[in-house]
J.: 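Right, I'll just put the structure down here and ask away after.
Numbers restart at 1 for each chain; the letters A, B, ... are given by sequence-line order, proteins then strands. These figures come from a predicted structure and were not determined experimentally.
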Protein chains: 2
Amino acid sequence: MAIKERKEREKQEMRNLIIESATQLFLKQGYDKTSIRSIADDIEYSPATIYLYFKDKDEIFYVIHENAFDLLDKELRQHDAIADPFERLGALGRTYMQFGIENPDYYDLMFIMRAPMEQIKNEEKWKAGECAFGYLLTTLAECLEQKKIRPADLHVTAIQVWSYVHGLVSLYVRERMCILMQTDEITRQILHSSFDLFLANLKT
Amino acid sequence: MAIKERKEREKQEMRNLIIESATQLFLKQGYDKTSIRSIADDIEYSPATIYLYFKDKDEIFYVIHENAFDLLDKELRQHDAIADPFERLGALGRTYMQFGIENPDYYDLMFIMRAPMEQIKNEEKWKAGECAFGYLLTTLAECLEQKKIRPADLHVTAIQVWSYVHGLVSLYVRERMCILMQTDEITRQILHSSFDLFLANLKT
DNA sequence: TGAATATAATAAACACTGTTTAGTAAATGC
DNA sequence: GCATTTACTAAACAGTGTTTATTATATTCA
């Protein structure tokens, strides 16, 4: 009865095919232009077939959203080796910002768009988000323990750090930084200077 | 030849009627569900008529976006009388956050959504945004002058403040604060505590 | 092996969306 | 009173996400 297993494998392969196509189209043309029909066209199946493998469009983008978190997670974990928690905090922030600036569409899906969060509501918890946030929490806990940063409630401090880098990246990604009336290059420099200043103010 | 003037007046009245209906529907059902057809239905005209008064849907929402900025501006100007610039800065931040939390749809349109910015690109400058940002700049300039906050570049500091409050509000509005796994009430309290902490760190 | 059943895929439709075009009816100018 | 401009709309166009009924293929079992 290996047929059932083969069928399961084929089902998973088809899901992967859809996700790969959707991801590629999403990164090339953005969310709105990535329609079910365009994905179907790309993989040379009918639009209705996609609904045999995914409940709706949101479910597809929820998977892409999870994959994007894996990517960010990998980049953040590169700094595991940094012993000093405050230095690690700085590295995490810079890497987070760089990720957002270099992958604006992924960042959008992860932290700005409503679409994948609709899916999350049916799940009770935001797994991917919790993982990255958890990493920030442990780093900050170390910072507080070693009195590297000003004493304050752990969660309040975490929200402070995350909101801050998210504010910078999301204003940049959604093109509100245009009020500075500077080139993209200079704007990004200001973003990084601003983060450095923030870190300095956080220090004891 | 007062006919021309009356015609102009009627044209403006029709534009207002459309904007009023669109605003009301937008605040009730959000952007996506506010279709041209639903506005047409509401004002009892055909959908095509709307296109005689507005170029496209974006142009309608650009006007709503401007009105929302007027609203925020009015609330921010309430603090003009506060003599101490640092105290005024705190009041501005709290009012900004409150505005976003109480008017999530307006906030979305003003600082998160892509739609109205397409319109803004054709205008060379972001009038409404510049006005509010300018107010922040002058307040911060006073703070720096009177050495109420840590010395730093004016624009970098402004971006820092704005990004910070925007980060808090936008994560809240787009439901990412769910990682805290707290009630809405407590989440909002954390938001405010976080801002207080931020201000304290900014102080000299 | 052959008939019955289960699975996979799709064409076509449904109910929407923003927007354009062609045509009608009313107001205005002369 | 007639020609012209203006205001409006029905219908169509080209999309969207999603569902349903149908067909073709693969699997099971007698």
Side-chain angles (χ1 to χ4, degrees), chain A residues 1-19 21-22 25-26 28-65 109 113-119 122, chain B residues 1-19 21-22 25-26 28-65 109 113-119 122:
Chain A
M1 287 297 150
I3 289 176
K4 255 187 187 166
E5 285 153 38
R6 197 205 67 211
K7 285 262 164 110
E8 191 51 47
R9 210 167 52 236
E10 281 175 351
K11 189 142 195 155
Q12 198 45 245
E13 272 166 28
M14 187 63 163
R15 275 180 68 97
N16 289 344
L17 184 68
I18 293 166
I19 292 296
S21 165
L25 290 171
F26 167 66
K28 204 193 290 172
Q29 325 174 316
Y31 179 83
D32 282 336
K33 282 183 184 164
T34 305
S35 64
I36 297 292
R37 278 173 179 82
S38 69
I39 299 168
D41 255 34
D42 188 53
I43 62 172
E44 296 177 299
Y45 279 84
S46 82
T49 301
I50 290 172
Y51 287 89
L52 299 174
Y53 297 91
F54 292 94
K55 194 181 127 280
D56 52 25
K57 193 183 173 182
D58 272 12
E59 199 176 85
I60 296 173
F61 279 89
Y62 178 63
V63 176
I64 298 177
H65 156 277
L109 204 55
M113 283 185 50
R114 285 234 169 75
M117 296 314 273
E118 297 298 316
Q119 205 63 32
N122 305 330
Chain B
M1 287 298 149
I3 288 177
K4 255 187 187 167
E5 286 154 37
R6 195 205 68 211
K7 285 262 162 110
E8 191 51 48
R9 211 166 53 236
E10 281 175 350
K11 188 141 195 155
Q12 198 44 245
E13 273 167 26
M14 187 63 163
R15 276 181 68 98
N16 290 344
L17 185 67
I18 293 166
I19 292 296
S21 165
L25 289 171
F26 168 66
K28 204 193 290 175
Q29 324 175 319
Y31 179 83
D32 283 335
K33 282 184 184 165
T34 305
S35 64
I36 298 292
R37 278 174 178 82
S38 69
I39 299 168
D41 255 34
D42 188 52
I43 62 171
E44 295 176 300
Y45 280 83
S46 84
T49 302
I50 290 172
Y51 287 88
L52 299 173
Y53 297 90
F54 293 94
K55 191 180 129 281
D56 53 25
K57 194 183 174 183
D58 272 11
E59 200 175 86
I60 296 173
F61 278 88
Y62 179 63
V63 175
I64 298 177
H65 159 276
L109 204 56
M113 282 186 51
R114 285 235 168 76
M117 296 314 275
E118 297 298 316
Q119 204 65 32
N122 305 331

J.: Quick check: do A/Y53 and A/L17 have side-chain heavy atoms less than 4.5 Å from each other?
T.: no
J.: What is the distance, rounded to the nearest whole Å, between atom CZ of A/F54 and atom P of D/dT18?
T.: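 To the nearest whole Å, that distance equals 13 Å.
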J.: Closest heavy-atom contact between A/A40 and A/S46?
T.: CB-C, 3.7 Å
J.: By ring-ring contact (aromatic ring centres under 6.0 Å, His included), which residues pair with A/F61, not counting sequence neighbours?
T.: A/F26, A/Y31
J.: How close or far is atom P of C/dG18 from atom CD of B/E59, stated in whole angstroms?
T.: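 About 15 Å, once rounded to whole Å.
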J.: Between the protein and nucleotides 22-25 of chain C, are there any N/O to N/O pairs under 3.5 Å, and if so, what are the atom names and distances?
T.:
none

J.: Does a sphere of radius 6.0 Å around CD in A/E44 hold more than 12 heavy atoms from other residues, nucleotides or ligands, not counting ones at 6.0 Å or beyond?
T.: no
J.: Give the dot-bracket line for DNA chain C from 5' end to 3' end: parentheses for intra-strand Watson-Crick or G-U pairs under 3.5 Å, square brackets for crossings, | for inter-strand pairing, dots for unpaired.
T.: ||||||||||||||||||||||||||||||
J.: Quick one: are B/L25 and B/K33 in side-chain contact, heavy atoms under 4.5 Å?
T.: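 Heavy-atom side-chain distance check fails, nothing below 4.5 Å.
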J.: D/dG15 P sits how many Å from A/Y31 OH, rounded?
T.: 19 Å
J.: Let's see if you get this right: which residues in residues 40-53 of chain B place a heavy atom under 4.0 Å from DNA chain D?
T.: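 Contacting residues: B/Y45, B/S46, B/A48, B/T49, B/L52, B/Y53.
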J.: Under a 3.5 Å distance rule, please check whether A/T34 uses its side chain to pair with a backbone N or O of A/G30 as donor and acceptor.
T.: yes
J.: Can you check whether A/E8's main-chain N or O pairs, donor with acceptor, with A/Q12's side chain at less than 3.5 Å?
T.: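 Side chain of A/Q12 to backbone of A/E8, a donor-acceptor pair under 3.5 Å: no, none is there.
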J.: Name all residues meeting the side chain to side chain donor-acceptor pair (under 3.5 Å) criterion together with B/R15; count only those two or more places apart in sequence or in a different chain, and write none if there are none.
T.: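 B/R15: no side chain to side chain donor-acceptor pair (under 3.5 Å) contacts found.
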J.: Taking all non-hydrogen atoms of both residues, which atom of B/L52 and which atom of B/K11 are closest, and how far apart?
T.: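 Heavy atoms only, the tightest pair is O-NZ, 3.9 Å.
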J.: Using every non-hydrogen atom in the two residues, find where A/H65 and A/L109 come nearest and quote the distance to one decimal.
T.: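 Closest approach of A/H65 to A/L109, heavy atoms only: CD2-O, 3.6 Å.
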J.: To the nearest angstrom, how far is B/I18 atom CD1 from D/dA7 atom C1'?
T.: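 That distance rounds to 12 Å.
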J.: Going by side-chain contact (heavy atoms from CB on, under 4.5 Å), A/P116 matches just one of A/R114, A/M113, A/E118. Which one?
T.: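 Filter result, single survivor: A/M113.
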J.: May I have the distance from B/E8 (atom CD) to D/dT5 (atom P), rounded to whole angstrom?
T.: 19 Å
J.: What is the distance, rounded to the nearest whole Å, between atom CD1 of B/I60 and atom C1' of C/dT19?
T.: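 In whole Å, C/dT19 C1' and B/I60 CD1 are 12 Å from each other.
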J.: Please tell me if the side chains of A/I60 and A/I50 come closer than 4.5 Å, counting only heavy atoms from C-beta onward.
T.: yes
J.: Does the side chain of B/I18 reach to within under 4.5 Å of the side chain of B/Y45, using non-hydrogen atoms?
T.: no
J.: Enumerate the protein-to-nucleotides 14-17 of chain C contacts in which both atoms are nitrogen or oxygen and the separation is below 3.5 Å.
T.:
from   : atom 1 : to    : atom 2 : distance (Å)
C/dT17 : OP1    : B/S35 : OG     : 2.9

J.: How long is the line joining CD of A/E10 and C1' of D/dT27, in whole Å?
T.: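 The answer, rounded to whole Å, is 13 Å.
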